[in-house]
Amino acid sequence: MSTIKLQETETGTWNRVKNTMARRTEGRAVVLLLLVVAVIAVQQPIVFDAYGVSLARVALVGLVALGLTLVVLQGELDLSVGSTLALTGVIVASIPNLGLGVAVGLLVGLLIGALNAFLIVIVGVNSFIATLGTLFALRGLAFVLSDGRPVPVTDIDSALAFGRALLGPLTPRVIIFILLFAVLHFFISRMRAGREFYAVGGNRQAAIDAGIPVKLRLFAAFMLCGFVAALAGVINTLELTAADPTAGSSVLLASFAAVIIGGNLLNGGRGSLVGTMIGAFALGLMQVGLTFAGTPREVQDILIGGILLVAITTEPNNLRALSGRLQRLTRGKAPAQA
């Protein structure tokens with residue numbers, strides 16, 4: 001009897017493990033991170049010594065990706081995060097009073113998020129089209145305000161102080177990234193309002209029927225996304241002591257790839273910030289390794305784009321849909337051949 005009970009216990013434990021793993025969505029991010037670490041260990045081990053540079057890149061990509069995840073969980077997109085980062089940086093550097101510049105920059109991020117939400121939720125524009133429009137508008141505004149050139153920060157001493165490590169290799173950028181991850185993870189996993197993000201993405205009509213304030217949740221997601229992108233722009237400008245109007249061009253692709261590789265479904269309703277963080281580490285380390293290897297930025301974008309395509313096409317729902325199509329094609333050809 002004891003042997004039977006032991007076997008039943010082991011079977012039950014194994015089933016719980018399988019069920020837990022089936023609910024997790026971070027598998028591809030973990031695989032990519034392991035591959036990146038293995039390749040870097042062989043080809044560019046200096047990346048692990050330059051942990052300050054590596055952590056800074058991971059934090060920049062990760063910050064934008066965290067905000068973007070909140071929107072994707074509800075089945076929407078925000079393509080304007082890179083331009084928001086660039087415009088915010090230009091605004092911060094253009095205002096002589098650094099504290100006022102940071103405050104204005106963060107407020108602009110909130111307003112951009114509110115504008116995107118208004119176009120999507122109230123006007124009814126598709127999120128891809130709406131945020132594509134704001135992407136180009138904000139990018140153009142950043143170039144106009146900066147005259148197409150980097151804008152140095154007036155208060156250089158404060159900016160340099162911000163870039164110094166506070167705890168070991170941890171700079172304020174990395175610490176803010178970790179704290180923001182902890183806060184947002186607690187919000188979407190433990191708080192009712194955050195858990196409702198999943199409900200809105202999973203089945204919007206059912207969420208409306210259940211009394212969930214869908215429009216309010218969408219506004220909150222886009223405004224948080226804009227705020228976090230602006231925060232990344234502020235941090236990037238302070239660490240570089242200058243704002244670059246082209247700063248967000250590569251961040252958008254890398255952060256979006258981190259979200260998708262992290263297992264967040266484009267249709268919404270499923271995903272996690274844990275997966276996004278793992279994806280950000282994988283993409284950030286890969287970018288640093290490629291940069292140390294002398295790989296041009298354009299080639300890096302090609303590689304990240306290829307990884308993004310693989311992540312999208314290997315998403316379980318897409319694979320099941322592809323398998324179903326292949327089965328239907330096979331069944332359709334069989335009678336014809338007979």
Side-chain angles (χ1 to χ4, degrees), residues 25-44 46-48 50-51 53-69 71-72 77-86 128 131-132 135-136 139 173 177 181 225 228-229 232-233 235-236 240 244-266 271-315 318:
T25 58
E26 302 90 0
R28 287 170 300 173
V30 173
V31 171
L32 178 62
L33 179 59
L34 292 175
L35 287 175
V36 168
V37 170
V39 172
I40 288 177
V42 175
Q43 299 294 330
Q44 294 291 332
I46 191 175
V47 170
F48 300 123
Y51 41 77
V53 176
S54 301
L55 288 176
R57 187 61 190 178
V58 168
L60 181 63
V61 173
L63 275 172
V64 179
L66 289 178
L68 190 56
T69 302
V71 174
V72 172
L77 294 174
D78 187 351
L79 302 180
S80 67
V81 287
S83 297
T84 300
L85 182 154
F128 177 87
T131 57
L132 182 64
L135 179 156
F136 286 109
R139 178 183 296 174
R173 172 191 290 189
F177 170 52
F181 165 78
C225 185
V228 174
I235 293 172
N236 191 54
L240 298 178
D244 184 356
T246 66
S249 57
S250 63
V251 175
L252 171 61
L253 179 60
S255 59
F256 189 71
V259 173
I260 302 305
I261 291 168
N264 297 281
L265 302 189
L266 281 174
S272 72
L273 289 177
V274 174
T276 296
M277 183 176 235
I278 298 172
F281 266 93
L283 270 297
L285 288 175
M286 188 180 79
Q287 284 186 315
V288 174
L290 291 172
T291 300
F292 280 12
T295 306
R297 176 71 62 81
E298 295 78 11
V299 177
Q300 294 185 31
D301 289 343
I302 292 172
L303 291 174
I304 295 174
I307 291 173
L308 178 58
L309 288 174
V310 171
I312 292 174
T313 53
T314 56
E315 197 276 317
N318 292 336

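The residues of the chain are indexed from 1 along the displayed sequence. Treat the numbers as computed from the prediction; the structure is a model and nothing was measured.
Between the CG atom in N236 and the CG atom in L85 there is a gap of 6.0 Å [rounded to 0.5 Å]. The CG atom of L309 lies 12.5 Å from the CD1 atom of I304; values are rounded to the nearest 0.5 Å. Atom-to-atom distance recorded for I235:CD1 and L240:CG is 11.5 Å, nearest 0.5 angstrom. For the atom pair L265 CG and I260 CD1, the distance stands at 8.5 Å (nearest 0.5 Å).
Closest approach of C225 and V71 over heavy atoms only: CB-CG2, 3.7 Å. Here the closest non-hydrogen pair linking A258 and A280 is CB-N, 3.6 Å. The two residues A86 and A247 make their nearest non-hydrogen contact at CB-N, 4.4 Å. Between V259 and A65 the shortest heavy-atom distance is CG2-O, 3.5 Å. Annotation for S255 and V64: closest pair OG-CG1, 3.5 Å, computed over non-hydrogen atoms. A56 and R173 get closest at one heavy-atom pair: O-NH1, 2.7 Å.
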TODO: Give the intermediate values and the outcome of side chain to side chain contact (heavy atoms under 4.5 Å, CB included) for residues L66 and F177.
DONE: CA-CA 9 Å; L66 289 178; F177 170 52; 3.7 Å; yes
Open item on the list: Please evaluate residues V274 and F181 with respect to the criterion side chain to side chain contact (heavy atoms under 4.5 Å, CB included), reporting the C-alpha separation (whole Å), side-chain torsions for both, the decisive distance (0.1 Å), and the verdict.
Closed with: CA-CA 8 Å; V274 174; F181 165 78; 4.0 Å; yes
Side chains of residues 282-292: which donor-acceptor pairs under 3.5 Å do they make with residues two or more places apart or in other chains?
from, atom 1, to, atom 2, distance (Å)
Q287, OE1, R57, NE, 2.7
Q287, OE1, R57, NH2, 3.1
T291, OG1, Q287, O, 2.8
T291, OG1, Q300, NE2, 3.2

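Contacts of A293 classified as side chain to side chain contact (heavy atoms under 4.5 Å, CB included), with partners at least two apart in sequence or in another chain: Q44, T295. With sequence neighbours left out, L252 forms a side chain to side chain contact (heavy atoms under 4.5 Å, CB included) with V81, L135. F136 is linked by a side chain to side chain contact (heavy atoms under 4.5 Å, CB included) to L132, R139, counting only residues two or more places apart in sequence or in another chain. Residues satisfying the side-chain hydrogen bond (donor to acceptor under 3.5 Å, both in side chains) criterion with T69, sequence neighbours excluded, are T276.
The closest side-chain heavy-atom distance from I307 to I261 is below 4.5 Å. Counting only heavy atoms from C-beta outward, the side chains of L77 and F256 approach each other to under 4.5 Å.
Between the side chain of N264 and the main chain of S272, a donor-acceptor pair closer than 3.5 Å is present.
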